[in-house]
Novice: 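Structure provided below as structure tokens; questions to follow.
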Amino acid sequence: MIRKCLFPAAGYGTRFLPATKVLPKEMLPICTKPLIQYGVEEAMDASIYAIAIVTGRGKYTLENHFDISYELEHQIKGTIKEKRLADIRRIIDRCEFTYVRQREMKGLGHAVLTGESLIGAEPFAVVLADDLCFGDGSGVLSQMKAIFNRRRQSIVAVMDVPPSEISSYGIVLGEEIGDNLVRVNKMIEKPVAGSTDSTLAVIGRYILTEDIFAILKRVKPGKGGEIQLTDALNAQAEGGGVLAYRFKGTRYDCGSLRGFVEATNAVYKMLSHASDDRLSV
Ligand code: G1P
């Protein structure tokens, strides 16, 4: 049973400076919602309601976003604008949020380990909010949770990327076993282009078994001198414990300007199809 979802959200978002000087990158809006809200909605779509966020200094707007704003709600109560708070209100009513601060930025693996106190000894999901995913039918986490319920192994969501881009991702080597699944033999964090034939890249959706924490405690700093989640997953994979899943849906890399703009356009299109009244001038 996957009950909790961890959101590493302590990064600086330097690619979006100066916008991210005071505003956490997870709060940058894609049309009307901040990036992280899409991730939380994806967790809810997978019936995961315990949301654990690893934050850092200056990230208090995240906590405020997932809390009631009495003054605002009082002001717009009974007006047509009230329904614009409906989605966030649903999240606040249904989910439980917990937070822990990551004091030093020592990599994604370190961020996940920092979340141990919020997760405890149970399998859990991880969402990197930079990756905005729209699943076909059900959300990507929901698809992964269904696989976990059958296989009880760590799962990473993957997609093929152009060979020139492998150096931006964790890359998976393994064997296809059907049902869009690959049994992972090896994972390499951001390999140099041309150093492997695999183009199967990990995107920011994971389901991890609880032994990942013990492994992360032993993992030595890897690529960039950081504690890499990929290295811990590689250790799990050596024992045959990791699956890669080619998810059904579309992913936007909102950590890049290009992906961010593409996601904005895609969401704008969705809002126009739904004839959202906020689009009228
Ligand atoms: C992280 C992971 C990488 C993964 C990527 C997905 O890298 O380290 O393995 O492929 O997320 O977005 P980052 O993009 O944080 O540098």
Side-chain angles (χ1 to χ4, degrees), residues 5-16 20 24-26 28 30 35-36 38-39 42 53-56 102 104-115 125-134 140-141 144 154-174 182 184-193 195-196 198-208 212 215-216 219-237 242-247 249-260 262-263:
C5 185
L6 187 72
F7 288 77
Y12 296 124
T14 47
R15 244 192 269 183
F16 286 84
T20 46
K25 66 171 174 169
E26 298 77 16
L28 293 177
I30 300 291
L35 255 177
I36 194 163
Y38 292 93
E42 189 182 324
I53 306 185
V54 179
T55 66
Q102 188 183 4
E104 292 173 284
M105 304 301 135
K106 291 196 207 155
L108 179 58
H110 180 254
V112 170
L113 188 53
T114 304
V126 176
V127 167
L128 308 185
D130 276 1
D131 281 334
L132 177 50
C133 293
F134 294 110
V140 175
L141 264 193
M144 293 170 76
S154 285
I155 305 168
V156 295
V158 288
M159 62 186 264
D160 274 303
V161 296
S164 59
E165 290 179 18
I166 61 168
S167 56
S168 300
Y169 294 94
I171 297 295
V172 161
L173 283 71
V182 171
V184 178
N185 294 330
K186 194 173 176 195
M187 287 177 65
I188 315 168
E189 180 66 9
K190 303 193 175 114
V192 175
S195 63
T196 167
S198 176
T199 53
L200 208 51
V202 176
I203 63 136
R205 298 291 181 277
Y206 307 79
I207 287 184
L208 302 173
I212 200 78
I215 299 172
L216 279 168
V219 157
K220 300 264 176 323
K223 194 93 189 176
E226 298 185 329
I227 305 290
Q228 297 293 349
L229 181 58
T230 299
D231 295 342
L233 280 161
N234 195 35
Q236 269 191 343
V242 183
L243 292 168
Y245 168 60
R246 291 179 200 271
F247 64 96
T250 311
R251 168 257 187 185
Y252 296 94
D253 173 13
C254 294
S256 75
L257 274 172
R258 188 200 178 116
F260 191 89
E262 283 169 359

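Treat the numbers as computed from the prediction; the structure is a model and nothing was measured. In each ligand, atom 1 is the first atom listed, and ligand 1 is the first ligand listed.
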Novice: Output yes when a protein non-hydrogen atom is found under 4.0 Å of atom 10 (O) of ligand 1, and no otherwise.
Specialist: yes

Novice: Using a 4.0 Å cut-off to any heavy atom of Y169, which atoms of ligand 1 qualify?
Specialist: 10 (O)

Novice: Test of understanding: with ring-ring contact (aromatic ring centres under 6.0 Å, His included), list the residues that count as partners of F16, not counting sequence neighbours.
Specialist: F260

Novice: Which pair of non-hydrogen atoms, one from Q102 and one from M105, has the smallest distance, and what is that distance?
Specialist: O-CE, 3.8 Å

Novice: Establish, from distance only, whether the side-chain atoms of Q236 and S154 form a donor-acceptor pair under 3.5 Å.
Specialist: yes

Novice: Just to be sure I read this right, does ligand 1 sit under 4.0 Å from the backbone of D253, its side chain, both, or neither, counting only heavy atoms?
Specialist: neither

Novice: Could you pull out, from I166, D231, V202, V161, the option with a heavy atom nearest to atom 4 (C) of ligand 1?
Specialist: V202

Novice: N/O of G170 under 3.5 Å from N/O of ligand 1, yes or no?
Specialist: yes

Novice: Taking K25 first and then D130, would you say they form a salt bridge - that is, a charged N and a carboxylate O separated by under 4.0 Å?
Specialist: yes

Novice: Consider every N or O of S168 and every N or O of ligand 1, then say whether any pair is closer than 3.5 Å.
Specialist: no

Novice: Kindly indicate whether the side chain of D131, heavy atoms from C-beta on, has any atom under 4.5 Å from the side chain of D253.
Specialist: yes

Novice: Which bit of D131 is near ligand 1, meaning a heavy atom under 4.0 Å away: side chain, backbone, both or neither?
Specialist: side chain

Novice: Please report whether ligand 1 has a polar contact with Y206, defined as an N or O pair separated by less than 3.5 Å (distance criterion only).
Specialist: no

Novice: So, do V182 and L243 sit near enough that their side-chain heavy atoms are less than 4.5 Å apart?
Specialist: no

Novice: Return yes when at least one protein heavy atom is under 4.0 Å from atom 15 (O) of ligand 1, and no when none is.
Specialist: no

Novice: Measure the CZ-CD1 distance between R246 and I203 for me, rounded to the nearest 0.5 Å.
Specialist: 13.0 Å

Novice: At a 4.0 Å cut-off, with the gap strictly under it, does some heavy atom of K190 reach an atom of ligand 1?
Specialist: yes

Novice: List the steps and the verdict of side-chain contact (heavy atoms from CB on, under 4.5 Å) for M187 and I171.
Specialist: CA-CA 6 Å; M187 287 177 65; I171 297 295; over 6 Å; no

Novice: Heavy-atom contacts with L128 under 4.0 Å: which atoms of ligand 1 show up? List them by number with element.
Specialist: 11 (O)

Novice: Need the ligand 1 atom indices (1-based, order shown) with element for anything under 4.0 Å from a heavy-atom of T230.
Specialist: 9 (O)

Novice: Write out the residue and atom name of the closest protein heavy atom to atom 8 (O) of ligand 1, then the distance separating them to 0.1 Å.
Specialist: E189 OE2, 2.7 Å

Novice: Got a list of side-chain donor-acceptor pairs under 3.5 Å for residues 220-228, not counting sequence neighbours?
Specialist:
residue: K223; atom: NZ; partner: K190; partner atom: O; Å: 3.0
residue: Q228; atom: NE2; partner: K223; partner atom: O; Å: 2.9

